[in-house]
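Here's the structure we're looking at; comments come further down.
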Amino acid sequence: MQAKSLKPHKVHCVISKASASLQLSRPTLFHIFFFPFLFPFLLQQFSSLTSNPHFLPLCFHTHKKSNLKKKKTQKKLETLVILVGENMATTTTSLGGGAGGDDRVLATAQQIVKSLRAAKEDREDMLLIFSTFDNRLSGISDLINGDDSKSSDEEELDRFEAAEKVILADASLTGEPSRQSTSLFNPPNNSAEYFSAVDEIIHWMEQFSIAPPSSAAGRTGQVIVDRAENAIQLAMSRLEDELRHVLICNTIPLDAVSRYGSIRRVSLSFGSHDGAIDDSTLESFSEVGSSRYHERGVSLGDDLFVDLVRPEAVQDLREIIDRMVRSGYERECLQVYSSVRRDALDECLVILGVERLSIEEVQKVEWRSLDEKMKNWVQAVKLVVGVLLSGEKRLCDGLFVDLDDLKEICFNETAKGCVMQLLNFGEAIAICKRSPEKLFRILDMYEALRDAFPDFQAMVSDEFVIGEAHGVLRGLGEAAKGTFAEFENCIRNETSKKPVITGDVHPLPRYVMNYLKLLVDYGDSMDSLLEISEEDLYRFRNDLGGDGLQLEAMSPLGRRILLLMSELEYNLEEKSKLYEDSAMQQVFLMNNLYYLVRKVKDSDLGKVLGDNWIRKRRGQVRQYATGYLRASWSKALSCLKDEGIGGSSSNASKMALKERFKNFNACFEEIYRVQTAWKVPDDQLREELRISISEKVIPAYRSFVGRFRSQLEGRHVGKYIKYTPEDLETYLLDLFEGSPAVLHHIRRKST
């Protein structure tokens, strides 16, 4: 370009400024101009200054005190420009002369202007000063348009400094309320600008990691690296806080009530006892008045899933995670993310009613409370694995898209605390004292964990956690086996000596049948857990008179149920011997066996034991009914026989007839008095038994009265023939109602 001429007054002004800047008197300054041998020394000082690694920070640092230092340095450098221009002619010679000296001077002048990084207007003034003293300096006119022709390195440095400024400005607000309460994604913050600044710093770090600073620029490059690392640290601290903030603020709380709405299977629940069945325990299992139910729990659909974090926050989280990972802050990202999500899962467990209890604490919990906790645990396992962990997995996959290793570690760390809390409770239950009432809750827990295990294993890759879950599952299975064995022992050893006064169904079969009806619902689980010992097989064949071939053809649970039913029947036969009245023994056995048959027939137990078992027991019920008739009515019926009354109906002994009718009346009245207090609880069985009595007694009585009534005609006939056949039929309807009654016969007048 054509250098403009610099007017004398402006040169004079610049020299005056230089004199003041260097704190030199004007005569001293002019001595320097007139003695050019001093100029090389000045150039050497300048070269030393610009090569100092702290040179750029002095020029660009934003601290107030540094700004003052920058201004002083800038003025001194401007003065050096003047010195270069005024002494150019003589400098060439002092630097060695010739073309080499010219190049050295031009290079030095160029370095001065370039290092000052002055505005375009200031560079034009510098060039004019140079050109005034030596036209050769017009050759560095490319510096005039420095802003328009910056090198790529300079442009990158500009971008770096702008990015650094954004990060430093945000960091300067640390601790202030505006910073603490304002997210990057909320006004007045500009998240796009901040992320762009972080990207620029990351770019610089990546460039230096690929191509370290050259030896010529190494000292200056290391300063940039240090500044970039500082900026990254500040940015990552901010992004850690932001990641935590966004995760917490956008976590969707679990609505426990809505998650519980589903299918529930209901059955009776059993009270607690310590390994022995007493009267109060057995009575508590009666269907009558029982209001306690055993809930099998929620049935979750395959398509049930929830968003654990608001969808609109997912992209913001991705932006944060991406930059933390690219900056090498994977560990910090993992810690923050897993910590927040782990706390969220812990809150879910609290909502689901799962408490953090030690094994010792669990074993001290009273049964009713423990039953509730076990039920909550079952619901929690289904919900945690089926909904929450699958949601966490989906969230991790969406946030750590292509970072397979990191997403796996992050999910494992997030899930571990929640899973281990559930497993610890399961382990505590598995080693608790075994008692029959716990079996169904233990089986609920076993099935819940067993059903959830495939999905759990597919999601969780932590071998330790998987091993723990498998161990708890195995422990719950062993606990179920042991608890059922304890139940069998209780039935086998139940030897209460207190008979049921009315001959009604004993509490023991009520307890057993309600228990077994529930147990059949767990057939698949029990079949996989149970086996029958040789000892049990021997006892079934020899002591209980069972069919060994039938037993071997059944499922594992079916075998144990058949064996248990045989034990129960044997126990009932022993209890029937507590009654002195043989008729009542038969009624007791009839009532109890009929109860067993009805319970088996009306439940899935019928499929387990088979029709043949039902037919055989029904036959036994009829045998007991026949035994009752024989034991109870044989004496009364013997009074209605013709033998021993001294002839035919026309010449029978009146005395013998009177004795027969008196004996029959006494037998009937005694039966009525006693057996109205007996109870046959089943309506159908009671009616059938009355019909059997009526069919056997009423015809015989009607026939006997019809044949011999004429022998007793007279004023006192009503004293001996107290009841008509119709009266007997009416009185028979009062039997087996469980309400003792006495006949108050009103004598009829003889006709």
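This chain uses plain numbering: 1 for the first residue, then up along the sequence.
Checked against the 6.0 Å centroid threshold, Phe704 and Phe664 do not count as a close aromatic pair. Tyr511 and Phe487 have their aromatic ring centers within a separation under 6.0 angstrom. Between Phe736 and Tyr628, a ring centre-to-centre spacing shorter than 6.0 Å is recorded.
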Could you walk me through whether Asn376 and Phe425 satisfy the side-chain contact (heavy atoms from CB on, under 4.5 Å) test, starting with their C-alpha distance in whole Å, then the side-chain angles of each, then the deciding distance to 0.1 Å, before giving a yes or no? CA-CA 11 Å; Asn376 291 341; Phe425 183 84; over 6 Å; no

Taking it one step at a time, do Phe440 and Tyr515 satisfy ring pair (Phe, Tyr, Trp, His ring centres under 6.0 Å)? CA-CA 9 Å; Phe440 301 105; Tyr515 202 97; 4.7 Å; yes

Given the rule in the side-chain contact (heavy atoms from CB on, under 4.5 Å) test, do Val621 and Leu685 qualify, once you have shown the distances and angles that lead to the verdict? CA-CA 10 Å; Val621 170; Leu685 181 61; 4.3 Å; yes

Does the pair Ile561 and Val520 meet the rule for a side-chain contact (heavy atoms from CB on, under 4.5 Å), with working shown? CA-CA 9 Å; Ile561 288 178; Val520 173; 4.1 Å; yes

Kindly determine whether His506 and Arg510 satisfy side-chain hydrogen bond (donor to acceptor under 3.5 Å, both in side chains), including the steps that lead there. CA-CA 7 Å; His506 194 277; Arg510 295 183 188 276; over 6 Å; no

Go through the steps for Tyr701 and Glu729 under the test side-chain hydrogen bond (donor to acceptor under 3.5 Å, both in side chains), then give the verdict. CA-CA 11 Å; Tyr701 183 74; Glu729 285 188 302; over 6 Å; no

Assess whether side-chain contact (heavy atoms from CB on, under 4.5 Å) is satisfied between Met565 and Leu516, documenting all intermediate values. CA-CA 10 Å; Met565 292 294 289; Leu516 293 181; 3.8 Å; yes

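For Ser703 and Arg707, the side-chain atoms include at least one donor-acceptor pair closer than 3.5 Å. Inspection of the Asn665 and Tyr720 side chains reveals no N or O donor paired with an N or O acceptor under 3.5 Å. Under the 3.5 Å distance criterion, with hydrogens and angles disregarded, no donor-acceptor pair is assigned to the side chains of Ser576 and Glu574. Under 3.5 Å, the side chains of Lys658 and Ser653 contain no donor-acceptor pair of N or O atoms. Side-chain atoms of Ser435 and Glu437 include a donor-acceptor pair closer than 3.5 Å.
Judged purely by atom type and a 3.5 angstrom limit, Ser369 has no side-chain atom pairing as donor or acceptor with the backbone of Val365. At least one donor-acceptor pair under 3.5 Å links the side chain of Thr676 to the backbone N or O of Ala741. Of the possible donor and acceptor atoms, none in the side chain of Asp682 sits under 3.5 Å from a partner among the backbone N and O of Tyr595. Side chain of Gln586 to backbone of Phe588: no donor-acceptor contact under 3.5 angstrom is found. Judged purely by atom type and a 3.5 angstrom limit, Tyr579 has no side-chain atom pairing as donor or acceptor with the backbone of Val587. Distance alone, capped at 3.5 Å, is enough to place a donor-acceptor pair between the Ser603 side chain and the Leu605 backbone. Using modelled atom types, no side-chain atom of Ser694 and backbone atom of Arg690 make a donor-acceptor pair closer than 3.5 Å. Under a 3.5 Å cut-off, the side chain of Asp504 and the backbone N or O of Val500 do not form any donor-acceptor pair. Under the 3.5 Å distance criterion, the side-chain polar atoms of Lys438 are left unmatched by any main-chain donor or acceptor of Ile429. The backbone N or O of Ser525 lies less than 3.5 Å from a partner atom in the side chain of Ser528, making a donor-acceptor pair.
Side-chain contact check for Tyr522 versus Asp444: some heavy-atom pair is nearer than 4.5 Å. Side-chain contact check for Arg559 versus Leu530: every heavy-atom pair is 4.5 Å or farther apart. The shortest side-chain heavy-atom distance between Leu572 and Leu568 falls under the 4.5 Å cut-off. Using a 4.5 Å cut-off on side-chain heavy atoms (C-beta onward), Cys432 and Val362 make contact. Taking 4.5 Å as the limit, every side-chain heavy atom of Leu735 sits out of range of all side-chain heavy atoms of Trp678. Here the side chains of Ile614 and Leu609 are not in contact, with every heavy-atom distance at 4.5 Å or above. Under the 4.5 Å side-chain criterion, counting only non-hydrogen atoms from C-beta, Met526 is not in contact with Lys481. Counting heavy atoms from C-beta outward, Lys599 and Asn514 have side chains that approach closer than 4.5 Å.
The shortest non-hydrogen separation linking Glu488 to Arg560 is OE1-NH2, 2.6 Å. Of all heavy-atom pairs spanning Ala625 and Leu689, the tightest one is CB-CD1, 4.2 Å. When every heavy atom of Gly503 is checked against every heavy atom of Met584, the shortest pair comes out as N-CE, 3.3 Å. Closest of all the heavy-atom pairs between Val354 and Ala380 is CG2-CB, 3.5 Å. Considering every non-hydrogen atom in both Leu640 and Ala700, the closest pair reads CD1-C, 3.8 Å. For the residue pair Leu476 and Ala430, the shortest heavy atom distance occurs at N-CB, 4.0 Å.
The structure places CD of Gln675 at 6.5 Å from CD1 of Ile693, a figure rounded to the nearest 0.5 Å. Expressed to the nearest 0.5 Å, how far CD of Glu478 lies from CG of Leu473 amounts to 10.5 Å. Expressed to the nearest 0.5 Å, how far OG1 of Thr502 lies from CG of Asn591 amounts to 8.0 Å. Here CD of Glu726 is found 8.0 Å from OG1 of Thr730. Values are rounded to the nearest 0.5 Å. To the nearest 0.5 Å, the span separating CH2 on Trp377 from CG on Leu370 amounts to 12.5 Å. Here CG of Leu529 is found 7.5 Å from CG of Leu443. Values are rounded to the nearest 0.5 Å.
A salt bridge between Arg441 and Glu372 is absent, with no side-chain N of the basic residue lying under 4.0 Å from a carboxylate O of the acidic one. The residues Arg434 and Glu486 are annotated as not salt-bridged, no charged nitrogen and carboxylate oxygen being separated by less than 4.0 angstrom. Using a 4.0 Å cut-off between a side-chain N of Lys or Arg and a carboxylate O of Asp or Glu, Lys364 and Glu361 do not qualify as a salt bridge. Here Glu355 pairs with Lys373 in a salt bridge; the nearest charged N to carboxylate O distance falls below 4.0 Å. Ion pairing of Asp371 with Arg368 is absent here, as no side-chain N (NZ or NE/NH1/NH2) approaches a carboxylate O to less than 4.0 Å. For Lys517 and Asp604, the salt-bridge test fails: no basic side-chain N is under 4.0 Å from an acidic carboxylate O.
When the shell of 6.0 Å around CD1 of Ile501 is examined, it contains 12 or fewer heavy atoms from other residues, nucleotides or ligands. Atom CG of Asn489 sits in a crowded spot, with more than 12 heavy atoms from other residues, nucleotides or ligands closer than 6.0 Å.
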